[in-house]
Amino acid sequence: MVTDDTFGDLLEYIERDLDFATSHYNNSYLDRRITARMRRSGCEEYDEYFDLLRSDEDEQRELLESMSINVTGFFRNPDVWDGIADVLADLSSERRRVKIWSAACADGREPYSLSMLVHDDRRIDERGVDIVATDISRPALRTAREGVYKESRTTDIAAELEFLDSYDRYAAYDPEEGTFQISEKVKKLVTFERHDLINGRPKSGFDLVTCRNLFIYIDAEYKRAMLETISKSLREGGYLVIGKSETIPPELKSTFEAVDSRHRIYQLA
Ligand SMILES: C[S@@+](CC[C@H](N)C(=O)[O-])C[C@H]1O[C@@H](n2cnc3c(N)ncnc32)[C@H](O)[C@@H]1O
């Protein structure tokens, strides 16, 4: 547990002056991010780091970026994607447009996975699908719109794409650059927008919302607010997929009915 007063002052400064709502996140998560930046910048104490942060705009940018929890991947938790494919196949068989919202989409790998799946699964008619993908982070959205992903020691893009039998129809590998370029037909289904799930307005008429691996970092009160925004954005009987280690709070269990608990798939009751 974090008890240092300077830590509290630091959080207040980040919220007030840097415009990042630290009060929405849990303290142990914030402490891990701040301590990691302290290590990188050679600061041992919170007050030393606080001084640096106040005087160095580059550090402010680095800290904010590291706070936005942008870890992601194509087909993250592959077994869940079998469940998502079944939901989309059902929706597609109803023969009307299928609207999907990838909320907190990070650098775009989740919505592009949805688009690839829609193209790849014969049960789904891609001509009837629209995907809206949103995130709070502008740098993440820039990468997402570009649709170019670089492999590295820690990011094995080819392994992530192996959920598909043959991914080269959807992403072109450049061996010299070590990059994967998302194809135009995959990009065409996805529209990116900035949206804050805590303070932003609900959307409407979605058949499926994915909001995965964000709730784990968020304080319970704000998690509830986010889920309320999502419930208002779904059409009657619409589906919600959350992260594999996330749960629906007990007071919202009558709003979201589990249809596939193993894959964390719920339906608006
Ligand atoms: C761990 S990533 C999850 C990405 C993807 N859904 C996945 O499961 O791989 C969490 C994302 O939530 C975004 N985020 C944080 N706070 C947010 C907020 N209030 N509204 C919308 N997105 C937010 C971050 O910028 C980050 O890209």
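The residues of the chain are indexed from 1 along the displayed sequence. Indexing begins at 1, ligand by ligand and atom by atom, following the structure's order.
For ligand 1, the atoms sitting less than 4.0 Å from at least one non-hydrogen atom of R212 are 3 (C), 5 (C), 6 (N), 7 (C), 8 (O), numbered in the order shown with element in parentheses. Near A106, the atoms of ligand 1 lying under 4.0 angstrom from a non-hydrogen atom of the residue are 4 (C), 27 (O). For ligand 1, the atoms sitting less than 4.0 Å from at least one non-hydrogen atom of D196 are 18 (C), 19 (N), 20 (N), numbered in the order shown with element in parentheses. Near S137, meaning under 4.0 Å from one of its heavy atoms, ligand 1 places the atoms 25 (O). Atom numbering of ligand 1 starts at 1 in the shown order; those under 4.0 Å from a heavy atom of T72 are 4 (C), 5 (C), 7 (C), 9 (O). Atoms of ligand 1 lying under 4.0 Å from any heavy atom of H195, numbered from 1 in the order shown and given with element: 20 (N), 21 (C). Close approach of ligand 1 to E110 (heavy-atom distance below 4.0 Å) involves ligand atoms 5 (C), 6 (N), 7 (C), 8 (O). Taking a cut-off of under 4.0 Å to the non-hydrogen atoms of R76, the atoms of ligand 1 that pass are 7 (C), 8 (O), 9 (O).
At the shortest separation from atom 20 (N) of ligand 1 among protein heavy atoms lies L197 N, 2.9 Å. Nearest protein heavy-atom neighbour of atom 4 (C) of ligand 1: A104 O, 3.4 Å. The nearest heavy-atom contact from the protein to atom 24 (C) of ligand 1 is S68 O, 2.8 Å. With respect to atom 13 (C) of ligand 1, the closest heavy atom belonging to the protein is D135 OD2, 3.4 Å. The nearest protein atom to atom 2 (S) of ligand 1, hydrogens excluded, is given as I69 O, 3.0 Å; this is a heavy-atom distance.
For the residue pair S113 and W81, no side-chain donor N or O sits within less than 3.5 Å of a side-chain acceptor on the partner. Judged purely by distance below 3.5 Å, without hydrogens or angles, the side chains of T210 and E110 pair a donor atom with an acceptor atom. For the 3.5 Å distance criterion, the side chains of E59 and S41 fail to qualify, holding no donor opposite an acceptor. Residues D168 and S166 have side chains that bring a donor and an acceptor to within less than 3.5 angstrom of each other. If you check the side chains of T134 and E193, you find no donor sitting under 3.5 Å from an acceptor.
Using the six-membered ring where Trp is involved, Y173 and F180 have ring planes that are tilted, between 30° and 60° apart. Relative orientation of the Y266 and F256 rings is perpendicular, given thresholds of 30° and 60° on the angle between their planes. Ring geometry for Y25 versus F20: interplanar angle under 30°, hence parallel rather than tilted (30 to 60°).
One N or O on the side chain of R264 and one on the backbone of E246 form a donor-acceptor pair closer than 3.5 Å.
Heavy-atom proximity to atom 14 (N) of ligand 1, evaluated over I136, V80, N213, is greatest for I136.
Tested against Y112, the residues F75, F74, F192 include a single ring-ring contact (aromatic ring centres under 6.0 Å, His included) partner, F192.
Ligand 1 has no atom lying under 4.0 Å from any heavy atom of H24. Residue Y25 places a heavy atom under 4.0 Å from ligand 1.
Taking 4.0 Å as the cut-off between side-chain N and carboxylate O, K244 and D79 count as a salt-bridged pair.
Residue A140 has no nitrogen or oxygen atom sitting less than 3.5 Å from a nitrogen or oxygen atom of ligand 1, judged on distance alone.
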